**Q** 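Below is the structure I would like to discuss, written out as structure tokens.
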Amino acid sequence: MKKPANNSGMTARASATATPSIIGSDVQIEGNIRTIGELQLDGNIIGDLACGGLVMGETGSVKGTITADNVTIRGKVNGEVRARSVRLEKSSVVEGDIYHESLSVEAGAKLTGHFAHTNSPTEAKSDKTETPSFVAKKEAAE
């Protein structure tokens, strides 16, 4: 006798044991993506991406904000990166700011933007404009 399926809700997969999701090089997605697991990106995303971990291949690209625990970039990013650990490999091209706890940049990687160390890089931005640590705060004019 078969057990009835439990469709009452989604069960969260443990990201450490889950099979990574793969977006192939022939795929383009327009819209936001969210997963708690790992993502291997070889295709193109136009929108924001939030995931547990991201490994972007040389053909991968994101035009939007990336939020993850660990990010390895070999492709192109046009937007903000917010991650605890960020690794820019030699083929990466990033146009945007990077907020991180740990940053590794290989020789040959291209970064047009700023990078700033922060203790909470993946937390959502508040309504106040965030001032990175590399920018000196100026007093308001009277």
Side-chain angles (χ1 to χ4, degrees), residues 3-142:
K3 283 178 126 180
N6 181 1
N7 294 329
S8 62
M10 292 177 47
T11 58
R13 299 184 304 181
S15 61
T17 61
T19 303
S21 298
I22 300 172
I23 298 177
S25 60
D26 61 334
V27 177
Q28 177 170 322
I29 297 173
E30 294 184 23
N32 298 333
I33 297 177
R34 177 178 302 275
T35 179
I36 60 170
E38 301 288 318
L39 180 65
Q40 168 68 42
L41 177 62
D42 293 310
N44 303 307
I45 296 174
I46 300 172
D48 295 340
L49 171 60
C51 57
L54 173 66
V55 177
M56 180 187 294
E58 291 183 17
T59 61
S61 71
V62 172
K63 188 172 186 178
T65 298
I66 297 172
T67 305
D69 284 331
N70 301 300
V71 173
T72 299
I73 298 174
R74 295 183 191 106
K76 296 181 181 180
V77 176
N78 189 332
E80 196 172 84
V81 178
R82 295 183 155 273
R84 289 184 184 11
S85 173
V86 178
R87 179 176 172 86
L88 302 181
E89 297 200 353
K90 63 183 176 182
S91 58
S92 66
V93 178
V94 178
E95 294 180 10
D97 296 338
I98 298 176
Y99 297 91
H100 62 88
E101 284 183 16
S102 169
L103 176 64
S104 170
V105 182
E106 282 188 358
K110 296 173 180 71
L111 171 62
T112 304
H114 298 97
F115 54 91
H117 179 273
T118 178
N119 292 327
S120 55
T122 59
E123 287 184 14
K125 290 187 267 183
S126 64
D127 289 339
K128 290 193 237 175
T129 304
E130 182 174 351
T131 303
S133 60
F134 55 83
V135 177
K137 292 184 181 181
K138 295 180 181 178
E139 295 298 320
E142 292 182 15

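Only a predicted model underlies this, so the values are computations on that prediction, with no experimental measurement involved.
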**Q** Evaluate V55 against L39 for side-chain contact (heavy atoms from CB on, under 4.5 Å), listing each step before the verdict.
**A** CA-CA 6 Å; V55 177; L39 180 65; over 6 Å; no
**Q** With a 4.5 Å limit on heavy-atom distance, are the side chains of N32 and L49 in contact?
**A**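 Not in contact.
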**Q** Check the pair V94 / L88 against side-chain contact (heavy atoms from CB on, under 4.5 Å), numbers first and verdict last.
**A** CA-CA 9 Å; V94 178; L88 302 181; 3.8 Å; yes
**Q** Does any non-hydrogen side-chain atom of V93 lie less than 4.5 Å from one of V77?
**A** no
**Q** Closest heavy-atom contact between L54 and L41?
**A**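 Of all heavy-atom pairs spanning L54 and L41, the closest is CD1-CB, 3.9 Å.
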**Q** Using side-chain hydrogen bond (donor to acceptor under 3.5 Å, both in side chains) as the criterion, list what pairs up with D48, not counting sequence neighbours.
**A**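 For D48, no residue satisfies side-chain hydrogen bond (donor to acceptor under 3.5 Å, both in side chains) once neighbours in sequence are set aside.
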**Q** Answer yes or no: is there a side-chain heavy-atom contact under 4.5 Å between N78 and V62?
**A** no
**Q** Is it the case that the side chain of T67 and the backbone of A50 share a donor-acceptor pair, with hydrogens and angles ignored and the cut-off at 3.5 Å?
**A** no
**Q** Applying side-chain hydrogen bond (donor to acceptor under 3.5 Å, both in side chains), can you list everything that pairs with Q28, at least two apart in sequence or on another chain?
**A** E30
**Q** I need the T65 OG1 to E80 CD distance, nearest 0.5 Å.
**A** 5.0 Å
**Q** Can you list everything that forms a side-chain hydrogen bond (donor to acceptor under 3.5 Å, both in side chains) with S61? Sequence neighbours excluded, please.
**A**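 Here the qualifying residues are N44.
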**Q** If I take atom CD from residue E101 and atom CG from residue N70, how far apart are they, to the nearest 0.5 angstrom?
**A** 10.0 Å
**Q** Restricting to side chain to side chain contact (heavy atoms under 4.5 Å, CB included), what partner residues turn up for S120, sequence neighbours left out?
**A** T118, E123
**Q** Are V71 and I66 packed together at the side-chain level, in the sense that at least one heavy-atom pair is separated by less than 4.5 angstrom?
**A**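 They are in side-chain contact.
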**Q** Can you check whether I98 reaches H114 side chain to side chain, under 4.5 Å on heavy atoms?
**A** no
**Q** Any side-chain heavy-atom pair from I73 and V81 closer than 4.5 angstrom?
**A** yes
**Q** Locate the shortest heavy-atom distance separating G31 from I45; write the atom from each residue and the value.
**A**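 Smallest interatomic distance, heavy atoms only, reads O-CG2, 4.0 Å.
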**Q** Minimum heavy-atom separation for P121 to A83, with atom names?
**A**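 So the minimum-distance heavy-atom pair works out to CG-O, 3.4 Å.
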**Q** For S102, give me all partners under side chain to side chain contact (heavy atoms under 4.5 Å, CB included), at least two apart in sequence or on another chain.
**A**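 Counting only residues at least two positions away or on another chain, S102 forms a side chain to side chain contact (heavy atoms under 4.5 Å, CB included) with S85.
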**Q** Can you tell me how far NZ of K76 sits from CD of E95, rounded to the nearest 0.5 angstrom?
**A**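 So the CD of E95 and the NZ of K76 are separated by 8.5 Å.
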**Q** With a 4.5 Å limit on heavy-atom distance, are the side chains of M56 and R74 in contact?
**A**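 No, their side chains stay 4.5 Å or more apart.
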**Q** Using the six-membered ring wherever Trp is involved, compare the ring planes of F115 and H100 and label them parallel, tilted or perpendicular (cut-offs 30° and 60°).
**A** tilted
**Q** Could you report the tightest heavy-atom contact between G37 and C51, atom names first, then the distance?
**A** O-CB, 3.7 Å
**Q** Hey, what do you get for CD (E58) to NZ (K90), rounding to the nearest 0.5 Å?
**A** 8.0 Å
**Q** Would you please name every residue forming a salt bridge (charged side-chain N to carboxylate O under 4.0 Å, His left out) with R87, sequence neighbours left out?
**A**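 For R87 the salt bridge (charged side-chain N to carboxylate O under 4.0 Å, His left out) partners, ignoring immediate neighbours, are E89, E106.
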